[in-house]
Amino acid sequence: MIPSYDILIVGSGLYGATFAHEANKCGLRCLVIEKRSHLGGNVYCEEVEGIHVHKYGAHIFHTSNESVWNFVNSIVSFNRYTNSPIANYKGELYNLPFNMNTFYQMWGVKTPREAQVIIEVQRQEALDLMRSQGHWEPTNLEEQALILVGKDIYEKLIKGYTEKQWGRSCVDLPAFIIKRLPVRLTFDNNYFNDCYQGIPIGGYNNLIQGLLSGIDTRVNSDFFENRAYWESLAHQIVYTGPIDQYYEYQFGHLQYRTVRFESEIYDVPNFQGNAVINYTGKEIPYTRIIEHKHFELFGNDINRIGKTVVTKEYSMEWQPGMEPYYPVNDTRNNEIHAKYRHLAEKEEHVIFGGRLAEYKYYDMAPVIERALNDARTFIKER
Ligand code: FAD
Ligand code: UDP
């Protein structure tokens, strides 16, 4: 059988859609197959009561990479949404990320100097403890958090949330997870340090539609249900599904965290006054509540829609059949993944890309950057 496409792309998330877009631009015939009933992977939104509901978890686009920002803006414009989550600990409210507003709420301090003194005392206690145990670098998330912000913030804003999110004790988690959270001595509630952020105007589906415009796509099409047929359609495959599944779990299953979403429609225009409220205490079973309309409506425009959609997120251990969301990059999983990656590196006609195929805790912008680079390299070397 003569292949009818140059590239078969398995998965229509941001990696697959970006790769397909670049290849199609250069005249390559692409087919994108998607096992779900819709395109877009985890950035897909469902419209409910005129509100774009982030069906697979809240997604905020942010980057400092100008070429990625220019690329996505060539497809769709972005609004001015700035992520400024609030933490609710046993009814007390704190601003995130950790900044002067948080320190004022935690300790009543009003100047950077006062905050610094408290943090420094608590950091020093943590450093002394670590050194008494014979190590100079943090070996787990708890130590990393304690030397970053001290025990008060760790105990109220980090420990409970992290242990709910990952289902593991902070002493059993890698330090890198928490390193990305900014700590600032300014009154700045912007969760990200990046130069650019926002939500695509009209929702993420517009971004995906723009990327896949003019490209053949098939939904409800699982690569593994008819592998030989799909493989016969193209010489080259771009695979964005789970890497362990591609190799029939021969080295064992990789572990993920998944999230159960519980959405409700409320008959009020504004339920919590913010898109994201994290519940950082262990006694509340969910990690956060998302109120979706705040991603796209600002100020009094909130009242244009009399209802609101809110989603509680419950973090859980992944079991086969559930959606794999967050790779668990601990030692055991990284070792298994290295064995799969070794096989993948030997493939001549398969490119593995994206969060599941690379088993990597990836944000959207780096996924797009990687897909652009991989596609451009592929096109050049072809
Ligand atoms: P995916 O979006 O997972 O796409 C993979 C696609 O492949 C899926 O559609 C899947 O159905 C399909 N597929 C898998 N197997 C097969 C098969 N056998 N046959 C056919 N199709 C298949 N990033 C940010 O930058 N900001 C955020 O705020 C943010 N929030 C997040 C919140 C949550 C809960 C999660 C889980 C992630 C978040 N991310 C965020 C990360 C972001 O979702 C990813 O970086 C990005 O979506 C990854 O794109 P991808 O194409 O690699 O994977
Ligand atoms: N985190 C926390 N308290 C919070 C928010 C985040 O302790 O209120 C920790 C948690 O361990 C999380 C990590 O910081 O896994 C990274 O947070 P981020 O919001 O970047 O995670 P995401 O949900 O985007 O993966």
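No experiment lies behind these values; they were computed from the predicted model shown. Just follow the structure's listing: the first ligand is 1, and inside any ligand the first atom is 1.
There is a side-chain donor-acceptor pair under 3.5 Å between Glu143 and His135. In the model, Glu323 has no side-chain atom that pairs as donor or acceptor with a side-chain atom of Asn42 under 3.5 Å.
Counting only residues at least two apart or in different chains, ring-ring contact (aromatic ring centres under 6.0 Å, His included) contacts with residues 281-303 comprise His54-His292, His54-Phe295, Tyr81-Phe295, Tyr279-Tyr286, Tyr286-Tyr314.
Side-chain N or O atoms of Asn333 include none that pairs as donor or acceptor with a backbone N or O of Asn329 at under 3.5 Å. Checked by atom type and distance alone, the side chain of Asp188 pairs as donor or acceptor with a backbone atom of Asn190 at under 3.5 Å. The closest donor-acceptor contact from the side chain of Arg123 to the backbone of Leu127 lies at 3.5 Å or more, if one exists at all.
Counting non-hydrogen atoms of neighbouring residues, nucleotides and ligands closer than 6.0 angstrom, the CG atom of Asp128 exceeds 12 such neighbours.
Tested against Tyr239 for a ring-ring contact (aromatic ring centres under 6.0 Å, His included), the candidates Phe19, Tyr15, Tyr246 yield a single pass: Tyr246.
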Anything under 3.5 Å between an N or O on ligand 1 and a protein N or O? List each pair with its distance, or write none.
residue  : atom   : partner : partner atom : Å
ligand 1 : 2 (O)  : Asn42   : N            : 2.9
ligand 1 : 3 (O)  : Arg355  : NH2          : 2.6
ligand 1 : 9 (O)  : Glu34   : OE1          : 2.6
ligand 1 : 9 (O)  : Glu34   : OE2          : 3.2
ligand 1 : 11 (O) : Glu34   : OE2          : 2.6
ligand 1 : 18 (N) : Asp222  : OD1          : 2.9
ligand 1 : 19 (N) : Phe223  : N            : 3.1
ligand 1 : 21 (N) : Lys35   : N            : 3.1
ligand 1 : 23 (N) : Asp363  : OD1          : 3.3
ligand 1 : 23 (N) : Met364  : N            : 3.3
ligand 1 : 25 (O) : Met364  : N            : 2.8
ligand 1 : 26 (N) : Ile60   : O            : 2.9
ligand 1 : 28 (O) : Ile60   : N            : 2.8
ligand 1 : 30 (N) : Ala58   : O            : 3.0
ligand 1 : 39 (N) : His59   : NE2          : 3.4
ligand 1 : 43 (O) : His59   : NE2          : 2.6
ligand 1 : 45 (O) : Tyr362  : O            : 2.7
ligand 1 : 45 (O) : Asp363  : O            : 3.3
ligand 1 : 45 (O) : Met364  : N            : 3.4
ligand 1 : 51 (O) : Leu14   : N            : 3.1
ligand 1 : 51 (O) : Tyr15   : N            : 3.0
ligand 1 : 52 (O) : Arg355  : N            : 2.9

Output block, N or O contacts of ligand 2, threshold 3.5 Å exclusive:
residue  : atom   : partner : partner atom : Å
ligand 2 : 3 (N)  : Leu157  : O            : 2.9
ligand 2 : 7 (O)  : Ile158  : O            : 3.4
ligand 2 : 7 (O)  : Thr162  : OG1          : 3.0
ligand 2 : 8 (O)  : Asn278  : ND2          : 2.9
ligand 2 : 11 (O) : Thr162  : OG1          : 2.8
ligand 2 : 15 (O) : Gln165  : OE1          : 3.2
ligand 2 : 15 (O) : Trp166  : NE1          : 3.0
ligand 2 : 19 (O) : Tyr191  : OH           : 2.7
ligand 2 : 20 (O) : Arg180  : NE           : 2.9
ligand 2 : 20 (O) : Arg180  : NH2          : 3.1
ligand 2 : 21 (O) : Tyr361  : OH           : 3.3
ligand 2 : 24 (O) : Arg180  : NH2          : 3.2
ligand 2 : 25 (O) : Tyr361  : OH           : 2.2

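Legend: residues meeting side chain to side chain donor-acceptor pair (under 3.5 Å) with Lys312, ordered by chain and number and at least two apart, are absent.
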